[in-house]
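Single-structure report; data block below.
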Amino acid sequence: MAETHQTKVLIIGSGPAGYTAAVYAARANLEPIVAAGMQPGGQLMITTDVENFPGFESTIQGPWLMEQMRAQAENVGAKILNTMIEKVESTGEGFRAYDDQGNTYEAQTLVLATGAQARWLGLESENKFQGYGVSGCATCDGFFYKNQEVAVIGGGNTAVEEALYLTNFARKVTLIHRRNELRAEKMLQERLLNHEKIEVLWDHTIEEFVGQDDPKSLTGLKVKNIKTGEVTDLAVTGAFVAIGHDPATKVFKGLVDLDEEGYIKVSPGSVKTNIPGIFAAGDVHDKAYRQAVTAAGFGCMAALEAERYLAEK
């Protein structure tokens, strides 16, 4: 039976940003409700080793970290529902949301924390080795490839930046691009093309990610020359897919301002959207950092802003 829920703060999304917002909102006695979405925990649920989240001496697992964040939020009073919000609207006095189960949520403020998903090539072998040599984030995983040979797939700013970053760890970085010129900014291109550790493989696509099953790990790539059709092997232990991200903001279109890529626009140095009472947190607006720790920081900011907004109202 469909229900109507009322809350001072409705948090849509449940990664580090959503859960942190829930902790702060609950401790402020705002009795937040979290609509956890299709993948509670966000991208960290498909991340194995995490070494860069503060507070843990040893490597931890992404899913475990998200379970702990969820438990902490619930322990301080947040109500977390495994439900998917399909529509959000302004009522003039507040906001109303509807989920995929027919339930209605009436909220005085909203925290939008639905995150963004890395774009993947869509190969079966890519999915098989995700977390075992195939990654969508060099900043997250580059440290694991000290003195190894790795590849970056892509040709835009993200790919070039990831390749340059990986030179801090890897012995050699091969940038694989399906065209014969890069889309990245000229300054970045110059740095990449002049770097002694980086080699560019032009006019090539990925045919297959190759590896072993026990222990599961990537050992190389099959790459195809799109001009000749020749398929060759490239030995690498890490492959970073850097072809962009897609923010999960379709449901917010028409509610708040989005940029040309679909990310939520916020005021500089803030998490405020163009609509009073609606705040964005994490990868849903952050294109620069895309880290769990920064997403958590934005979640904290969003909850504090919601508290201030309600106090002033």
Between K272 and E305, is any pair of side-chain heavy atoms under 4.5 Å apart? yes
Residue pairs involving residues 202-313 (criterion disulfide (SG to SG under 2.5 Å); sequence neighbours excluded): none
Could you give the distance from CD1 (I278) to OH (Y309), rounded to the nearest 0.5 Å? 9.0 Å
Are there over 12 heavy-atom neighbours, none belonging to R119, within less than 6.0 Å of that residue's CZ? yes
Under 4.5 Å between any side-chain heavy atoms of L164 and I198, yes or no? yes
Salt bridge flag under 4.0 Å for residues K287 and D259: yes
By disulfide bond (SG atoms under 2.5 Å apart), which residues pair with C137, not counting sequence neighbours? C140
Do the charged groups of D203 and R178 touch, with an N to O distance under 4.0 Å? no
Charged tip of K146 within 45° of F169 ring normal and under 6.0 Å: no
Step by step, work out the side chain to side chain contact (heavy atoms under 4.5 Å, CB included) result for T91 and F95. CA-CA 5 Å; T91 64; F95 308 97; 5.8 Å; no
Lys/Arg N to Asp/Glu carboxylate O, E199 vs K172, below 4.0 Å: yes
Hey, is E190 close enough to K186 for a salt bridge, meaning N to O under 4.0 Å? no
Answer yes or no: are there more than 12 heavy-atom neighbours, outside F56 itself, under 6.0 Å from its atom CZ? yes
Ring-ring centroid check Y145 F240, cutoff 6.0 Å: yes
Could you check whether Y263 and H245 have their ring centres less than 6.0 Å apart? no
Could you tell me the separation between the CG atom of N194 and the CD atom of Q189, rounded to the nearest 0.5 Å? 11.0 Å
Could you check whether atom NZ of K313 has more than 12 heavy atoms from other residues, nucleotides or ligands sitting under 6.0 Å from it? yes
Distance, nearest 0.5 Å, that separates CD1 of I33 from CD of E31: 9.0 Å
Please identify which of these residues, V241, I206, V134, meets the side-chain contact (heavy atoms from CB on, under 4.5 Å) condition with L123. I206
Testing the 3.5 Å rule here: is there a donor-acceptor pair between the side chains of E208 and S125? no
Give the intermediate values and the outcome of side chain to side chain contact (heavy atoms under 4.5 Å, CB included) for residues K265 and V256. CA-CA 8 Å; K265 290 183 178 181; V256 293; over 6 Å; no
Heavy atoms from other residues, nucleotides or ligands near CZ of F209 exceed 12 (cutoff 6.0 Å): yes
Is the shortest heavy-atom distance from the side chain of T109 to the side chain of K8 under 4.5 Å? no
Derivation and outcome, ring pair (Phe, Tyr, Trp, His ring centres under 6.0 Å), residues H5 and Y105: CA-CA 5 Å; H5 303 271; Y105 301 82; 4.9 Å; yes
Would you tell me whether S217 and Q212 have side-chain atoms, one donor and one acceptor, within less than 3.5 Å of each other? yes
